[in-house]
J.: 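I have a structure here, written as structure tokens, and I will follow up with some questions on it.
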Amino acid sequence: MSPSDTPITTEDDEGSRDFIRDIVHEDLNSGRKSSVVTRFPPEPNGYLHIGHAKSIVLNFGIAEEFGGRCHLRFDDTNPAKEEQEYIDAIQEDVRWLGFNWGDHLYYTSDYFEQLYVWAQHLITEGLAYVDDLTADEIREHRGTLTESGTNSPYRDRAPEESLDLFQRMRAGEFENGAKVLRAKIDMSSGNINLRDPVIYRILHAEHPRTGKDWCIYPNYDFAHGQSDAIEEITHSICTLEFEDHRPLYDWLIKNLPVPSEPHQYEFARLNLTYTVLSKRRLMQLVNEGHVEGWDDPRMPTISGYRRRGYPAAAIRDFAGRIGVSKSNATLEVQALEACVRDHLNTHAERRMAVLNPLKVVIENYPEDQSEELDALNNPNDETAGKRKVPFSRELYIERDDFMEDPPKKFFRLAPGREVRLRYAYFVTCTEAIKDDNGEIVELRCTYDPETKGGNAPDGRKVKATLHWVSTAHAVGARIHQYEHLFTEEIPGGGAGDFLEDINSNSLSILTGCKLEPALQNAKHGETVQFERLGYFCLDKTATSDELVFNQTIGLRDNWAKVKAKG
RNA sequence: UGGGGCGUAGCCAAGUGGCCUAAGGCACCGGCUUUUGAUGCCGGCAUUCGGAGGUUCGAAUCCUCCCGCCCCAGCCA
């Protein structure tokens, strides 16, 4: 089963109330709205990340819960930054997350002609004018946060003149920046967005979808609300930084002959510890080569998590668990990781793999013998079935599972001590063989044939169970392990640049790892548990010659805690 | 110093005047179970809701003042 095959409605519907759902509920109850239409409106200027997932789950989730629909709309009003590559990647990611927009795929650029007509309408009504001021001059006239602005000398130019100029802007008569169209609102407003905001600018650039059809483009403010109105969006949900824009959103809806009256609601965007979630920074990580690409398994992008082996269901679950509010929140990554472990624990099949091999010879096991032992694919799920694992005289175990001179609380293998090899036998260590440098290179053990399968007929117990792989049957692999990409909870939170907080140990590559043969058939998109270690998935770079696995996440490790306490 | 928001446990987050001596999750700490030191199970973890006053029989929820944090001065979204 691939992660995206899991149903999306299983996570609790109960208790997932939030202020936005309250509003939707109330709108429906009061009859203010008769249906619910939401939209997820990404700008195709980068890849989707976990923060977007929160918005996607919110928008598609509300639509589904209230029997409405959710549109996917590309907010493509800035050809200088947008690319087809991103349009494609975004669709793939939303789909992988498990959401379906049906026929409702839209582009703001589909509305350019209508938007242009509405801009003319505003001019005719005396509510917009073409301004000849330069960008610098406009900024100077805007005033400051505490001082009101001053009117542009072109503010009162006749509508006919503005109309003519606006048409000539469209015709391509002017250079970039020579003129802009501004809404005529209030230069003394405390809300800077209302100080005659620019709504159209000249941009001689090729658009991914409209090509060279246009050389003037509406900006976000002039495009978003009207696009919502055209699509009859009922609840336009965005993040907190747009709160200041709502009066402008409403002003445009009120002053334009739009077909419906959408409303905007804002919620707090997601922040995660030890990660960076701004497109600018993610772009920088990619462009400057700090990671391998947008889908580097250390990236908080949807594609990064997918390659890392995070199930889509876990990301959905996370988005549901964290809630929606207006308080600026930074979640601990552990909350996300807990969702990943939760899902994988119940769904991932188990296998055995040795990351740092130490050879073990079972002295009393016949030289040329080997046998196939039964192993459960998932002890927590009867239906997962079982598989055969080959056992023989020579095995690999994890180096960390042996200590020549163990401390009190270490109860794995040590000289003279008996432990269980999972699904196999009890073995007792008789000797540790070292090389000239004193390094342990091999263990000699004996096994008890009576304990086949892992239980002693005489009822004696053993304190530890180790995973292992038969040397003759082992499959080699390279394994990538990851730590957080940053060493600080809030990268760049101090005085320095966020790049200074990059964790130089975020990737470790282990070669010469030994896997049980069943892993030879590992499939892309399937995350499995390597018993006692963690969850792993086949990387996209794996070939039939070289298996490459990414560590999705480790198992909780209490021994590490005990060890650390000393 | 203008405008817009937010402040409930280490991190999220329910709660909208009495059933709150405040739900749930993550984290953390104990115990039990365990052929993964995993999982599971049980228990603990805010007499207090940014602070101070006030209204009320009664406040996290209402009022006043104060404090702290976030966003806004792109022809980005």
Side-chain angles (χ1 to χ4, degrees), chain A residues 12 15 17-18 41-43 45 75 77-78 80-81 131 133-135 138-140 142-149 176-182 188-195 197-203 216-217 219-221 223-224 238-247 266 268 273 279-280 318 321-339 341-342 345-346 350 352 375-376 379-380 409-412 420-424 426 451 453-455 461-467 489 529-534 554-563:
Chain A
D12 56 297
R17 283 261 100 60
D18 54 70
E43 183 191 10
N45 66 344
D75 211 342
T77 57
N78 186 358
K81 295 185 174 176
D131 196 342
L133 256 29
T134 65
I138 286 179
R139 185 173 353 97
E140 284 159 19
R142 190 153 30 226
T144 69
L145 293 178
T146 54
E147 302 160 50
S148 79
N176 286 356
K179 295 183 182 343
V180 291
L181 183 68
R182 292 229 255 169
S188 65
S189 172
N191 182 345
I192 290 176
N193 292 299
L194 263 22
R195 318 242 263 230
V198 168
I199 55 177
Y200 257 94
R201 74 286 210 191
I202 299 171
L203 232 43
I216 58 172
Y217 293 91
N219 68 172
Y220 169 86
D221 287 307
H224 207 95
C238 62
T239 44
L240 252 28
E241 65 270 29
F242 291 101
E243 253 174 332
D244 285 346
H245 293 242
R246 183 161 18 98
E266 312 85 10
T273 56
K279 281 197 193 170
R280 198 205 102 234
F318 173 68
R321 282 194 205 183
I322 61 179
V324 178
S325 76
K326 300 191 70 152
S327 59
N328 226 309
T330 300
L331 272 112
E332 296 171 328
V333 252
Q334 291 94 304
L336 206 211
E337 295 170 345
C339 293
R341 288 198 182 96
D342 266 12
N345 176 50
T346 59
R350 267 113 253 228
M352 289 199 284
L376 264 22
N380 297 344
K409 289 175 178 164
F410 182 90
F411 45 81
R412 274 113 94 147
R420 169 168 42 230
L421 292 181
R422 178 140 238 220
Y423 298 124
F426 282 12
T451 59
N455 284 304
K461 300 292 183 197
V462 101
K463 289 204 77 175
T465 300
L466 310 186
H467 59 277
E489 283 204 355
Q529 182 190 104
F530 288 179
E531 294 218 37
R532 301 212 303 134
L533 296 173
L555 252 29
R556 272 201 188 79
D557 189 356
N558 254 295
W559 165 237
K561 279 186 196 172
V562 172
K563 204 166 49 173

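Below, chains carry the letters A, B, ... as their sequence lines are ordered, and counting in each starts from 1.
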J.: Quick one, A:N191 and A:H245 - any side-chain contact, counting heavy atoms below 4.5 Å?
T.: no
J.: Can you check the distance between B:C20 and B:G15, where both ends of the measurement are the P atom (answer in whole Å)?
T.: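 Taking atom P in both B:C20 and B:G15, they lie 15 Å apart.
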J.: Encode nucleotides 36-44 of chain B as B, S and - characters from 5' to 3', where the letter depends on protein heavy atoms closer than 4.0 Å: B to the base, S only to sugar-phosphate, - to neither.
T.: BBBS-----
J.: Taking only side-chain N and O atoms of A:T77, does any of them lie within less than 4.0 angstrom of OP1 or OP2 on B:C76?
T.: no
J.: Could you pull out all residues at least two apart from A:S188 that satisfy side-chain hydrogen bond (donor to acceptor under 3.5 Å, both in side chains)?
T.: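 By the side-chain hydrogen bond (donor to acceptor under 3.5 Å, both in side chains) rule, A:S188 matches A:D186.
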J.: Below 3.5 Å is the cut-off: list the nitrogen or oxygen pairs between protein and nucleotides 72-75 of chain B, distance only.
T.:
{"unit_1": "B:A73", "atom_1": "O2'", "unit_2": "A:R142", "atom_2": "NE", "d": "3.2"}
{"unit_1": "B:G74", "atom_1": "OP2", "unit_2": "A:R142", "atom_2": "NH2", "d": "3.2"}
{"unit_1": "B:C75", "atom_1": "OP1", "unit_2": "A:R142", "atom_2": "NH2", "d": "3.2"}
{"unit_1": "B:C75", "atom_1": "OP2", "unit_2": "A:R142", "atom_2": "NH1", "d": "3.2"}
{"unit_1": "B:C75", "atom_1": "N3", "unit_2": "A:G177", "atom_2": "O", "d": "3.3"}
{"unit_1": "B:C75", "atom_1": "N4", "unit_2": "A:L133", "atom_2": "O", "d": "3.1"}
{"unit_1": "B:C75", "atom_1": "N4", "unit_2": "A:A135", "atom_2": "N", "d": "3.0"}
{"unit_1": "B:C75", "atom_1": "N4", "unit_2": "A:G177", "atom_2": "O", "d": "3.0"}

J.: Determine the Euclidean distance between corresponding C1' atoms of B:U48 and B:G4; express it in Å to zero decimal places.
T.: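 Going atom to atom, C1' in each nucleotide, I get 30 Å.
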J.: Work out how far the P atom of B:G3 is from that of B:C65, and round it to whole angstrom.
T.: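 Those two atoms are separated by 14 Å.
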J.: Which residue lies toward the 5' end of RNA chain B, A:A338 or A:T451, if each is placed at its nearest nucleotide?
T.: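 Here A:A338 is the residue nearer the 5' end.
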J.: Is B:G58 paired to anything, Watson-Crick or G-U wobble with both distances less than 3.5 Å, and if yes, which nucleotide?
T.: none
J.: Identify the nucleotide, in any strand shown, that forms a Watson-Crick or G-U wobble pair with B:U16, with both distances under 3.5 Å; if there is none, say none.
T.: none
J.: Is it true that the side chains of A:N345 and A:N380 contain a donor and an acceptor less than 3.5 Å apart?
T.: yes
J.: Find the distance A:E489:CD to B:G10:C1' and express it as a whole number of Å.
T.: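 My rounded result for the distance is 9 Å.
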J.: How long is the line joining NZ of A:K561 and C1' of B:G30, in whole Å?
T.: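 Taking NZ of A:K561 and C1' of B:G30, I get 12 Å after rounding.
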J.: Sequence neighbours left out, what passes ring pair (Phe, Tyr, Trp, His ring centres under 6.0 Å) with A:Y423? Give chain and number order.
T.: none
J.: Partners of A:D557 by salt bridge (charged side-chain N to carboxylate O under 4.0 Å, His left out), sequence neighbours excluded?
T.: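 Scan of A:D557 (salt bridge (charged side-chain N to carboxylate O under 4.0 Å, His left out), adjacent residues dropped) gives none.
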J.: Please list, chain by chain and in numerical order, all residues satisfying salt bridge (charged side-chain N to carboxylate O under 4.0 Å, His left out) with A:E241, sequence neighbours excluded.
T.: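 A:E241: salt bridge (charged side-chain N to carboxylate O under 4.0 Å, His left out) contacts with A:R269.
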J.: Kindly label the base of B:G74 as syn or anti, based on whether its glycosidic torsion lies within 90° of 0.
T.: syn
J.: Taking CG from A:L240 and C1' from B:G7, how many angstroms apart are they, rounded to a whole number?
T.: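 These atoms are roughly 13 Å apart.
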J.: Determine which nucleotide pairs with B:G7, using a 3.5 Å limit on both distances of a Watson-Crick or G-U wobble pair.
T.: B:C67
J.: Can you find a heavy atom in the side chain of A:N176 that is under 4.5 Å from one in the side chain of A:R201?
T.: no
J.: Tell me the partner of B:C28, counting only Watson-Crick (N1-N3 plus N6-O4 or O6-N4) or G-U wobble (N1-O2 and O6-N3) with both under 3.5 Å; none if nothing fits.
T.: B:G44
J.: Expressed as a whole number of Å, how far does the C1' atom of B:C29 sit from that of B:C72?
T.: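 It works out to 44 Å between them.
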J.: Nearest whole angstrom, please: distance from the P of B:G5 to the CZ of A:R246.
T.: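 Interatomic distance, CZ of A:R246 to P of B:G5: 7 Å.
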J.: If we take the C1' atom in both B:A59 and B:U64, what is their distance in whole Å?
T.: 15 Å
J.: Looking for any heavy atom pair under 4.0 Å, which part of the strands does A:Y217 touch: base, sugar-phosphate only, or nothing?
T.: nothing
J.: What's the gap between B:C28 and B:C70 when it is taken at their P atoms, as a whole Å value?
T.: 28 Å
J.: Can you give one letter per nucleotide of nucleotides 11-16 of chain B, going 5' to 3': B for a protein heavy atom under 4.0 Å from the base, S for sugar-phosphate only, - for none?
T.: SSSS--
J.: Which residues pass the side-chain hydrogen bond (donor to acceptor under 3.5 Å, both in side chains) test with A:K279, not counting sequence neighbours?
T.: A:N45
J.: Specify the separation, in whole Å, of atom CD of A:E337 and atom C1' of B:G25.
T.: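 Between C1' of B:G25 and CD of A:E337: 15 Å.
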J.: Rounded to whole angstroms, how far apart are OH on A:Y423 and P on B:U34?
T.: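 The distance from OH of A:Y423 to P of B:U34 comes to 16 Å, rounded to the nearest Å.
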J.: List for me each residue that meets salt bridge (charged side-chain N to carboxylate O under 4.0 Å, His left out) alongside A:E531, sequence neighbours excluded, and say none if there are none.
T.: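 For A:E531 the salt bridge (charged side-chain N to carboxylate O under 4.0 Å, His left out) partners, ignoring immediate neighbours, are A:R422.
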J.: Would you please name every residue forming a salt bridge (charged side-chain N to carboxylate O under 4.0 Å, His left out) with A:R142, sequence neighbours left out?
T.: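 Counting only residues at least two positions away or on another chain, A:R142 forms no salt bridge (charged side-chain N to carboxylate O under 4.0 Å, His left out).
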J.: Quick one: list whatever passes ring pair (Phe, Tyr, Trp, His ring centres under 6.0 Å) with A:F318, sequence neighbours left out.
T.: none
J.: With both distances kept under 3.5 Å, what pairs with B:G74, Watson-Crick or G-U wobble?
T.: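 Paired with B:G74, as far as the under-3.5 Å criterion goes, is no nucleotide at all.
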J.: P atom, B:C45 versus B:G30: distance in rounded Å?
T.: 15 Å
J.: For a quick test of your reading: what N or O donor-acceptor pairs under 3.5 Å do the side chains of residues 324-331 of chain A make, sequence neighbours left out?
T.:
{"unit_1": "A:S325", "atom_1": "OG", "unit_2": "A:S327", "atom_2": "N", "d": "3.2"}
{"unit_1": "A:S325", "atom_1": "OG", "unit_2": "A:S327", "atom_2": "OG", "d": "3.2"}
{"unit_1": "A:K326", "atom_1": "NZ", "unit_2": "A:E243", "atom_2": "OE2", "d": "2.5"}

J.: On a whole-Å scale, what distance lies between the P atoms belonging to B:G51 and B:G10?
T.: 13 Å
J.: Indicate, with a heavy-atom threshold strictly under 4.0 Å, whether A:T273 touches base, sugar-phosphate, or nothing.
T.: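 No contact at all - A:T273 keeps every heavy atom at 4.0 Å or more from the nucleic acid.
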J.: Using modelled atom types only, decide if a donor and an acceptor are shared between the side chain of A:R341 and the backbone of A:G554 within a distance under 3.5 Å.
T.: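 Looks like yes, one N/O pair under 3.5 Å.
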